[in-house]
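To start, the structure under review is shown below, and the notes come after it.
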Amino acid sequence: MITLLVGTQNPGKQREYRDLLAALPVQWVGPSELGLAALDVIEDGQSFEENARLKAQAYAHAAGIPALADDSGLVVDALNGAPGIFSARYAGPGASDADRYQKLLWEMRDVADDRRTARFMCVVALALPDGRWYTAEGALEGTIGYAPKGDEGFGYDPVFVLPDGRHLAELPPAEKHAISHRGRALKAFEPVLLRVLSGLERDL
Ligand code: IMP
């Protein structure tokens with residue numbers, strides 16, 4: 001079985017990939033298992049896709065095995081698409097998830113109900129040590145709430161409201177994966193992932 005490196009240092013993403021990849025015939029490892037816990041990829045791309053590719057390629061290059069990475073974030077219409085690709089850095093270095101969503105709530109304090117639309121975006125990328133790379137995208141539509149709710153998930157989940165009124169952080173993991181930007185990106189990516197990885201396995 002091919003070993004795949006899941007190139008993320010984010011514990012929330014690591015948890016989600018553990019579930020999302022469970023059904024696939026791949027064995028996967030995290031950066032710390034390969035001594036790459038300190039690898040810091042400079043995300044200087046202009047899009048989710050570019051940053052996802054940069055991350056996957058950096059991990060594949062460092063580890064010498066195929067690597068999967070994602071770039072994701074929250075796109076808020078009333079803020080002209082912010083925080084977008086800067087979602088992880090929205091409240092500066094050293095900030096917590098709560099610092100970031102509190103800043104978002106503050107920026108949205110005067111925005112009316114019908115202008116609070118937003119979407120989570122995720123581009124997942126697979127990079128091979130020989131330089132080849134592949135991507136797929138997923139999105140989840142919703143609105144920004146007025147206060148945090150729920151203890152599940154990570155990041156901006158407590159302030160992201162689904163069309164049924166529940167906050168994303170209220171959903172158990174399996175329910176989030178079935179509809180989330182990351183779950184959808186990975187579902188769309190599955191055929192590519194299986195084709196590329198089984199090709200590699202044949203060449204071994
Ligand atoms: P990056 O992809 O590592 O640059 O960071 C993505 C950032 O977007 C995370 O640190 C979170 O703040 C946010 N984000 C991405 N996916 C999710 C999600 O599923 N729920 C909540 N926040 C997310």
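Order of listing sets the numbers, starting from 1, for every ligand and every atom in it.
Contacts with ligand 1 closer than 4.0 Å are made by side-chain heavy atoms of Lys55 only, the backbone lying farther away.
Closest approach of Ala60 to Ala67, counting heavy atoms only: N-CB, 3.5 Å. When all heavy atoms are compared, the tightest approach of Asp70 to Arg182 is OD2-NE, 2.7 Å. Nearest heavy-atom pair across Pro129 and Pro66 is CD-N, 3.9 Å. Shortest non-hydrogen contact noted between Leu126 and Ala56 is C-CB, 4.3 Å.
Considering only non-hydrogen protein atoms, atom 16 (N) of ligand 1 sits nearest to Arg182 NH2, 2.9 Å. Looking only at protein heavy atoms, the nearest one to atom 3 (O) of ligand 1 is Lys13 NZ, 3.1 Å. With hydrogens left out, the protein atom closest to atom 23 (C) of ligand 1 is Phe120 CE2, 3.7 Å, a heavy atom. The protein non-hydrogen atom at the shortest distance from atom 12 (O) of ligand 1 is Tyr156 CE1, 3.2 Å. For atom 19 (O) of ligand 1, the closest heavy atom belonging to the protein is Lys176 NZ, 2.8 Å. Scanning the protein for heavy atoms near atom 9 (C) of ligand 1, the closest one is Asn10 ND2, 4.1 Å.
Residues Tyr90 and Asp99 bring no donor and acceptor atom of their side chains to less than 3.5 Å of each other. Side chain to side chain, Thr8 and Gln14 fail the donor-acceptor criterion of an N or O pair below 3.5 Å.
In the candidate list Ala88, Pro158, Gly12, Ser72, Ser72 is nearest to atom 6 (C) of ligand 1, counting heavy atoms. Across Ser87, Ala91, Gly183, heavy-atom proximity to atom 8 (O) of ligand 1 is greatest for Ser87.
No donor-acceptor pair under 3.5 Å is formed between the side chain of Asp71 and the backbone N or O of Ala52.
For the ligand labelled ligand 1, residue Gly73 lies inside the 4.0 Å heavy-atom shell. Using a 4.0 Å cutoff on heavy atoms, Asp71 counts as a contact of ligand 1. Heavy atoms of Arg89 come nearer than 4.0 angstrom to ligand 1 in no pair at all.
At least one side-chain heavy atom of Leu140 sits under 4.5 Å from a side-chain heavy atom of Arg184. Side-chain contact between Ile144 and Tyr156 is absent, with no heavy-atom pair separated by less than 4.5 Å.
Inclusion of Asp157 in the set of residues having an N or O under 3.5 Å from an N or O of ligand 1 is warranted. Polar contact with ligand 1: absent for Glu16 (N/O pair, distance under 3.5 Å).
For ligand 1, the atoms sitting less than 4.0 Å from at least one non-hydrogen atom of Phe154 are 16 (N), 17 (C), 18 (C), 19 (O), 20 (N), 21 (C), 22 (N), 23 (C), numbered in the order shown with element in parentheses. The ligand atoms of ligand 1 that sit less than 4.0 angstrom from a heavy atom of His181 are 16 (N), 17 (C), 18 (C), 19 (O). Within the listing of ligand 1, atoms 4 (O) sit less than 4.0 angstrom from a heavy atom of Glu43. With ligand atoms numbered from 1 in the order given, ligand 1 contributes 21 (C), 22 (N) to contacts under 4.0 Å with heavy atoms of Gly155.
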Could you go step by step and tell me if Asp113 and Tyr146 meet the side chain to side chain donor-acceptor pair (under 3.5 Å) rule? CA-CA 10 Å; Asp113 278 1; Tyr146 293 90; 2.2 Å; yes
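Remark: Asp77 does not engage Arg115 in a salt bridge, criterion side-chain N to carboxylate O under 4.0 Å.
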